[in-house]
Amino acid sequence: MSSLPLVGHLIGGKSVTTGSRAQDVFNPATGKAEKRVLLADKATVEQAITNAQAAFPAWRNTPPLKRARVMGNLKVLLEKHADEICHMITAEHGKVLSDAMGELQRGIENVEYASYAPELLKGEHSKNVGPAIDSWSEFQALGVTAGITPFNFPAMVPLWMWPMAVACGNCFILKPSERDPTSTLRIAELALEAGLPPGVLNVVNGDKEAVDTLLTDPRVKAVSFVGSTPIAEYIYTEGCKHGKRVQALGGAKNHAVVMPDADVPNAVNALMGAAFGSCGERCMAIPLVVAVGDATADAVIAGLKAEIAKMTVGSGFDAKSDMGPLVTKPHFEKVKGYVDQGVAEGATLLVDGRGVKVAGHEDGYFLAPCLFDNVKPGMKIYQEEIFGPVLGVVRVKTLQEAMDLIDAHEYGNGTCIFTRDGEAARYFTDNILVGMVGVNVPLPVPVAYHSFGGWKRSLFGDLHAYGPDAVRFYTKRKTITQRWPSAGVREGTVFSFPSSK
Ligand code: NAD
């Protein structure tokens, strides 16, 4: 029996710590297992669904304003407990504390937006659509909904999902990443403290067994997923096959185009944060710079090399660190393997971050920034999502060549262009086949009141995450047509199709 603290589930408002399967949760800065997380079996997930189903009738009929007030209370609690939550994130994910604060703040903004649900749920009403006939549409909760989330934003991505789902009157089962589950669970406990009735939000930790139960149980009406593309595709296919509404956000390979007229020092600063912030473990990270013209490429590379030389890699708890470790040992090995592969494929490794040692953290999963020049389509380091601190420069001659590359890539999550030319920027934003586009903005992650989603194999489904699309995703439209005939007036029989002719 391990003596490590156990991370369990939250079901029906109670902590559940029974179950036979569990796995270690590591501190990536030290390489040590510090906790064990329970992996829910089918019966445990079914217990969560039963609790959610039982809580649904009363919660659905709770006035929207009262539901929204819980979100207001939660916002206050999240702000109060921000330090505690961010320490949990850094201890399991590895990202630097200031970055954890940024993710939590973005999550809080989603909670804030969910507190506007009464306004967002207002239906549409038309009077006199026919003789004494009125018609309206309303948006009704679906029932039990579920979310499956990735490791890289353990606070923010769950907060993209369940606050709006429950504010719309649904109950929710959340299956966080088993690699860094503690902050996610803590936030759910705070939701209870904020006044969410037991059973409205349940958290089950686990792996494929838990996910497959959510995908197949007929009581679950909708599933939101964020994670890698192969799993997103699986979730979408399986969920749809079982009659569920599914949105599945997948991986990315975001290109930043730098035009010859760009403000290069500005672009370099922006690229540094976008490529190496959170150790490159962001779906909106920039792993590829497409430089238009050799002079642009040379200037950008010179700037990047100078800035990388100033970076400090270390524990996320150390205020001097700009970048922490990668999340797990296998992920560290995988990212390092891509760097080896890039060299073997013939790209020019200008800055080699392999072999970095952080004093006092010799067993941590640290990889310092790596910079490649002469990356070409067809190379694995161009084609595949690396999800680490590896930035590649691709040299092209024209903006159109850059855009053709981006359009041909299987992913279409985010992209950006650095330029001072409004015409070029407009042509780019109008035509590029990508869901989220920045102009001189490297991480164009939409704010909470716009929706988030990529194109192509970065998203399976029709509606994007959070923002207005979330209200539509977590509700179904019902349209009611009503006539109250005047007293004593009886309608004649009509066999033709009713119309306003
Ligand atoms: P992942 O796909 O490995 O895991 C995501 C979730 O799926 C986890 O909860 C995990 O337990 C579950 N899962 C894993 N394997 C499964 C299987 N075989 N069957 C059923 N469920 C399974 O992703 P990750 O490594 O945690 O996160 C990184 C990935 O997420 C990257 O690809 C990144 O681009 C992507 N991501 C995308 C967005 C977006 O909005 N598009 C945002 C954040 C992260």
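Hydrogens, waters and symmetry mates play no part in the numbers below; they use all other heavy atoms, side chains included. First listed ligand is number 1; within each ligand, the first listed atom is number 1.
Closest protein heavy atom to atom 28 (C) of ligand 1: Phe387 CE2, 3.6 Å. Of all protein heavy atoms, the one closest to atom 1 (P) of ligand 1 is Ser228 OG, 3.7 Å. Counting only heavy atoms of the protein, atom 31 (C) of ligand 1 lies nearest to Glu385 OE1, 3.4 Å. Shortest contact from atom 27 (O) of ligand 1 to any protein heavy atom: Pro150 CB, 3.2 Å. Here the protein heavy atom with the shortest distance to atom 20 (C) of ligand 1 is Val211 CG1, 3.5 Å. The protein heavy atom nearest to atom 19 (N) of ligand 1 is Lys208 CG, 3.5 Å. Ranking protein heavy atoms by distance to atom 35 (C) of ligand 1, first place goes to Gly227 O, 3.1 Å.
Partners of Tyr234 by ring-ring contact (aromatic ring centres under 6.0 Å, His included), not counting sequence neighbours: none found.
Considering backbone and side-chain atoms together, Tyr234 places no N or O closer than 3.5 Å to any N or O of ligand 1. Not a single N or O atom of Ser458, backbone or side chain, sits closer than 3.5 Å to an N or O atom of ligand 1. In terms of polar-atom proximity, defined here as any N/O pair under 3.5 Å, Thr149 does make such a contact with ligand 1. Of the N or O atoms in Phe151, one or more lie within a sub-3.5 Å distance of an N or O in ligand 1.
Between the side chains of Asp99 and Ser278, at least one donor-acceptor pair of N or O atoms lies under 3.5 Å. Between the side chains of Arg219 and Thr50, at least one donor N or O sits under 3.5 Å from an acceptor N or O. Judged purely by distance below 3.5 Å, without hydrogens or angles, the side chains of His87 and Glu84 never pair a donor atom with an acceptor atom. Using a 3.5 Å distance cut-off with no hydrogens or angles, the side chains of Asp41 and Thr44 do pair a donor with an acceptor.
Atoms of ligand 1 lying under 4.0 Å from any heavy atom of Phe225, numbered from 1 in the order shown and given with element: 2 (O), 5 (C), 6 (C), 7 (O). Applying the 4.0 Å criterion to heavy atoms of Trp160 picks out, from ligand 1, the atoms 40 (O). Close approach to Asn152 involves these atoms of ligand 1, each under 4.0 Å from a residue heavy atom: 43 (C), 44 (C). Close contacts between ligand 1 and Phe452 involve ligand atoms 39 (C), 40 (O) [criterion: under 4.0 Å to a heavy atom]. Taking every non-hydrogen atom of Lys175 and a distance limit under 4.0 Å, the qualifying atoms of ligand 1 come out as 8 (C), 9 (O), 10 (C), 11 (O). Set against the non-hydrogen atoms of Ile148, the atoms of ligand 1 under 4.0 Å away are 6 (C), 7 (O), 9 (O).
Distances from atom 14 (C) of ligand 1 to the heavy atoms of Val445, Ile231, Ile235 show the closest one on Ile231. By heavy-atom distance, the residue among Gly251, Ala210, Pro154, Gly250 lying nearest atom 37 (C) of ligand 1 is Gly250. Evaluated by nearest non-hydrogen atom to atom 36 (N) of ligand 1, the leading choice among Cys283, Gly453, Ala285 is Cys283. Nearest-heavy-atom check against atom 25 (O) of ligand 1 across Glu178, Arg179, Arg282 picks out Arg179.
Here Ala232 has no heavy atoms under 4.0 Å from ligand 1, in either its backbone or its side chain.
A heavy-atom distance below 4.5 Å is not found between the side chains of Lys221 and Asn170. With contacts defined as side-chain heavy-atom distances shorter than 4.5 Å, the pair Asn202/Ile49 does not qualify.
Remark: Asp373 engages Arg395 in a salt bridge, criterion side-chain N to carboxylate O under 4.0 Å. A salt bridge links Glu92 with Lys35: the distance from a Lys NZ or Arg NE/NH1/NH2 to an Asp or Glu carboxylate oxygen falls below 4.0 Å.
Taking the six-membered ring wherever Trp is involved, the centroid distance between the rings of Tyr365 and His331 does not fall below 6.0 Å. Aromatic pair His409/Tyr382: ring centres closer than 6.0 Å.
A cation-pi arrangement is present between Arg472 and Phe139, with the terminal nitrogen or guanidinium carbon under 6.0 Å from the aromatic centre and inside a 45° cone about the axis.
Using a 4.0 Å heavy-atom cutoff, Pro176 is listed among the residues neighbouring ligand 1.
Note that atom 23 (O) of ligand 1 has protein non-hydrogen atoms nearby, at separations under 4.0 angstrom.
Residue Asp404 qualifies as enclosed at atom CG: its count of foreign heavy atoms under 6.0 Å is above 12.
Ring geometry for His361 versus Phe366: interplanar angle over 60°, hence perpendicular rather than tilted (30 to 60°).
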